[in-house]
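Note that the structure is predicted; figures quoted are calculated from it, not measured. Naming convention: chains lettered A, B, ... in sequence-line order (proteins, then strands); numbering from 1 in each chain.
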Protein chains: 2
Amino acid sequence: MTQSTPAHLTPRKRPRQARAKATLEAIFQATTQVLIAEGPYRLTTTRVAERAGVSIGSMYQYFPHKQALFYALNENYLDALAGRITAACQAQSGASIEQMVAALVNAYWQAKMERPEVTRALYRSVAELDNQALIASFAARVDAAALTMFASANDASFADLTAVNLTLIHCVFGTVRSVFERNLPPQEALTIRDHLMMMCVAYLRSVSDRSPVYNTQK
Amino acid sequence: MTQSTPAHLTPRKRPRQARAKATLEAIFQATTQVLIAEGPYRLTTTRVAERAGVSIGSMYQYFPHKQALFYALNENYLDALAGRITAACQAQSGASIEQMVAALVNAYWQAKMERPEVTRALYRSVAELDNQALIASFAARVDAAALTMFASANDASFADLTAVNLTLIHCVFGTVRSVFERNLPPQEALTIRDHLMMMCVAYLRSVSDRSPVYNTQK
DNA sequence: ACCTGAACACCGTTCAAGT
DNA sequence: ACCTGAACACCGTTCAAGT
């Protein structure tokens with residue numbers, strides 16, 4: 001998962017002793033805490049070290065610079081997120097496209113909405129980084145899981161599955177993020193979520209080989 | 001357009017004399033240049049002032065802090081973008097939903113892809129800010145323009161136009177941004193763009209009151 | 001192997017002095 | 001009304017000294 005991480009963002013070394021592991025864990029936790037409590041703007045190495053109860057020098061033994069710390073934090077987060085989405089996809093093997101779409105949307109939606117401040121703060125902290133590798137590795141895992149899922153649909157099949165899958169993934173994730181960032185009143189947001197599902201289903205039906213009744217091609 | 005800007009991000013004062021206007025313009029241009037040439041990480045007040053040929057003190061007469069400068073820059077950008085999209089929408093009054101969707105997707109796509117480094121750099125510079133007001137004001141303009149456009153469609157009409165419009169807007173903008181950020185090979189990106197259009201059309205047909213042939217409701 | 005914290009370079013921001 | 005730039009507080013990062 002971390003193969004293509006840019007060299008300058010790689011951790012300096014891995015902890016070997018127990019106390020080192022504790023140090024690293026404390027640093028990660030402190031970073032999240034400072035991020036939530038004080039915001040991305042006040043997230044300084046000094047404050048993180050202080051909150052973690054370690055010296056500033058300790059931090060720099062593991063991370064070559066501040067950015068690498070944020071990078072690692074986001075990597076952890078995206079790894080967990082990809083795991084959840086992959087699991088949701090696997091659970092829908094052989095189901096209908098409607099069920100699949102609902103599962104995919106809900107998995108991502110829930111993950112983002114569970115702790116909105118964390119989502120927002122993490123996102124801010126990584127936006128200024130070179131996050132291409134993070135995105136690519138997350139996307140690769142999710143792409144694969146969704147592809148397998150949709151290939152197993154019991155009520156549709158697709159000639160150009162790869163393109164269909166890519167479109168759907170970007171649509172679901174892009175739309176959910178867009179709604180999330182706009183911070184709409186909950187009821188309105190939920191309406192869009194439901195419409196998003198309808199939209200995905202309408203699309204999948206329109207490009208499916210089966211059920212020509214729903215084929216909207218002119 | 002700037003009514004709801006948070007007080008702490010408001011410019012300190014407006015230029016009244018000609019030389020002051022020139023100073024402000026130089027600062028904006030220098031900011032963009034430094035952003036592109038050196039990246040968001042090296043975008044410092046010192047460098048901007050140096051490149052603009054003004055003293056650091058001059059900058060602080062107009063902006064209470066660095067963030068306010070970035071905020072203003074993004075405001076300008078989003079204002080222009082909203083203008084382009086609004087124009088594209090107006091040009092499609094009375095057209096088919098297919099034409100409308102294509103116009104909307106293309107307008108946003110082109111704006112983002114024209115100068116990708118600028119798009120990316122600007123986005124990074126604003127991510128760490130409190131950008132809710134920026135998003136809200138941009139969204140309000142685009143929402144209104146798209147709503148008017150879709151209400152005039154010659155081949156569809158919608159009972160819940162507001163929800164349909166919101167969904168479509170978020171889907172188009174979210175998906176395009178998602179694709180943009182992933183940095184896919186151009187050919188693949190274009191395929192998704194075309195599928196995105198198909199998706200939007202399939203959705204609009206499925207929720208339209210007219211053309212029951214395309215209604216996919218069970 | 002891991003931790004410490006004084007020291008240094010640089011950045012954001014101010015403000016008294018100028019025109 | 002507008003501009004200047006030395007001065008200050010704070011931040012990121014290093015490194016010699018420790019256990």
Side-chain angles (χ1 to χ4, degrees), chain A residues 7-31 34-35 37-73 124-126 128-130, chain B residues 7-31 34-35 37-73 124-126 128-130:
Chain A
H8 62 105
L9 290 170
T10 313
R12 248 180 187 142
K13 63 174 183 185
R14 304 207 157 275
R16 303 184 181 248
Q17 297 179 0
R19 65 168 169 165
K21 245 171 203 158
T23 300
L24 205 67
E25 188 48 41
I27 291 172
F28 277 129
Q29 286 202 8
T31 308
V34 173
L35 204 48
E38 317 223 24
Y41 189 69
R42 291 173 58 84
L43 179 58
T44 67
T45 52
T46 317
R47 258 184 275 267
V48 168
E50 196 182 354
R51 185 134 191 171
V54 302
S55 86
I56 184 62
S58 282
M59 255 193 56
Y60 280 89
Q61 285 204 310
Y62 299 102
F63 303 101
H65 44 246
K66 196 187 165 189
Q67 317 267 358
L69 169 61
F70 298 162
Y71 193 92
L73 200 69
R124 282 181 177 182
S125 78
V126 84
E128 52 190 282
L129 268 59
D130 174 15
Chain B
H8 63 103
L9 290 170
T10 313
R12 248 181 187 140
K13 64 173 181 185
R14 304 208 157 275
R16 302 186 181 247
Q17 298 178 359
R19 63 168 170 166
K21 245 172 203 158
T23 300
L24 204 67
E25 188 47 42
I27 291 172
F28 277 130
Q29 286 201 9
T31 308
V34 173
L35 203 49
E38 317 223 25
Y41 189 68
R42 291 174 57 84
L43 179 58
T44 67
T45 51
T46 318
R47 256 184 277 267
V48 168
E50 195 181 356
R51 187 134 190 172
V54 301
S55 86
I56 183 63
S58 281
M59 254 193 56
Y60 280 89
Q61 284 203 312
Y62 299 101
F63 303 102
H65 44 245
K66 196 187 165 189
Q67 316 268 357
L69 169 61
F70 298 164
Y71 193 92
L73 201 68
R124 281 181 179 182
S125 79
V126 84
E128 52 189 282
L129 268 58
D130 174 15

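Proximity of Lys21(B) to the phosphate of dC2(D): no side-chain N or O atom is located under 4.0 Å from OP1 or OP2. Residue Arg12(A) has a polar side-chain atom (N or O) positioned under 4.0 Å from OP1 or OP2 of dT14(D). The side chain of Arg47(B) places an N or O atom within less than 4.0 Å of a non-bridging phosphate oxygen (OP1 or OP2) of dC11(C). For Arg42(B) and dC10(C), the shortest distance from a side-chain N or O to OP1 or OP2 is not below 4.0 Å. For the pair Thr44(A) and dC10(D), the criterion of a side-chain N or O lying under 4.0 Å from OP1 or OP2 is not met. The phosphate of dG12(D) has OP1 or OP2 within less than 4.0 Å of a side-chain N or O from Thr45(A). Listed pair Tyr62(B) / dC3(D) meets the phosphate criterion, a side-chain N or O lying under 4.0 Å from OP1 or OP2. OP1 or OP2 of dT14(D) has not a single side-chain nitrogen or oxygen of Tyr60(A) nearer than 4.0 Å. When the side-chain nitrogen and oxygen atoms of Ser55(B) are compared with OP1 and OP2 of dG5(D), none of them lie within a distance under 4.0 Å.
Side chains of Val34(B) and Arg42(B) form no contact here, defined as non-hydrogen atoms less than 4.5 Å apart.
Atom C1' of nucleotide dC15(C) and atom CD of Gln61(B) are separated by 11 Å, given to the nearest angstrom. Summarising the geometry, the separation between CD on Gln17(A) and P on dT19(D) is reported as 16 Å, rounded to the nearest angstrom. Here the C1' atom of nucleotide dC15(D) and the CE atom of Met59(A) are 16 Å apart, to the nearest Å. If you take CZ of Phe63(A) and P of dT14(D), they are 14 Å apart, rounded to a whole angstrom.
The side chain of Arg19(B) sits closest to dA1(D) out of dA1(D), dT13(C), dT4(D).
Using bins of under 30°, 30° to 60° and over 60° for the plane-to-plane angle, the ring pair Phe28(B)/Phe63(B) lands in the perpendicular bin.
Contact between Ile27(A) and Val48(A) at its shortest, heavy atoms only, is O-CG1, 4.0 Å.
Remark on DNA chain D: of its neighbouring residues Pro15(B) and Gly57(B), the 5'-side contact belongs to Pro15(B), judged by nearest-heavy-atom nucleotide.
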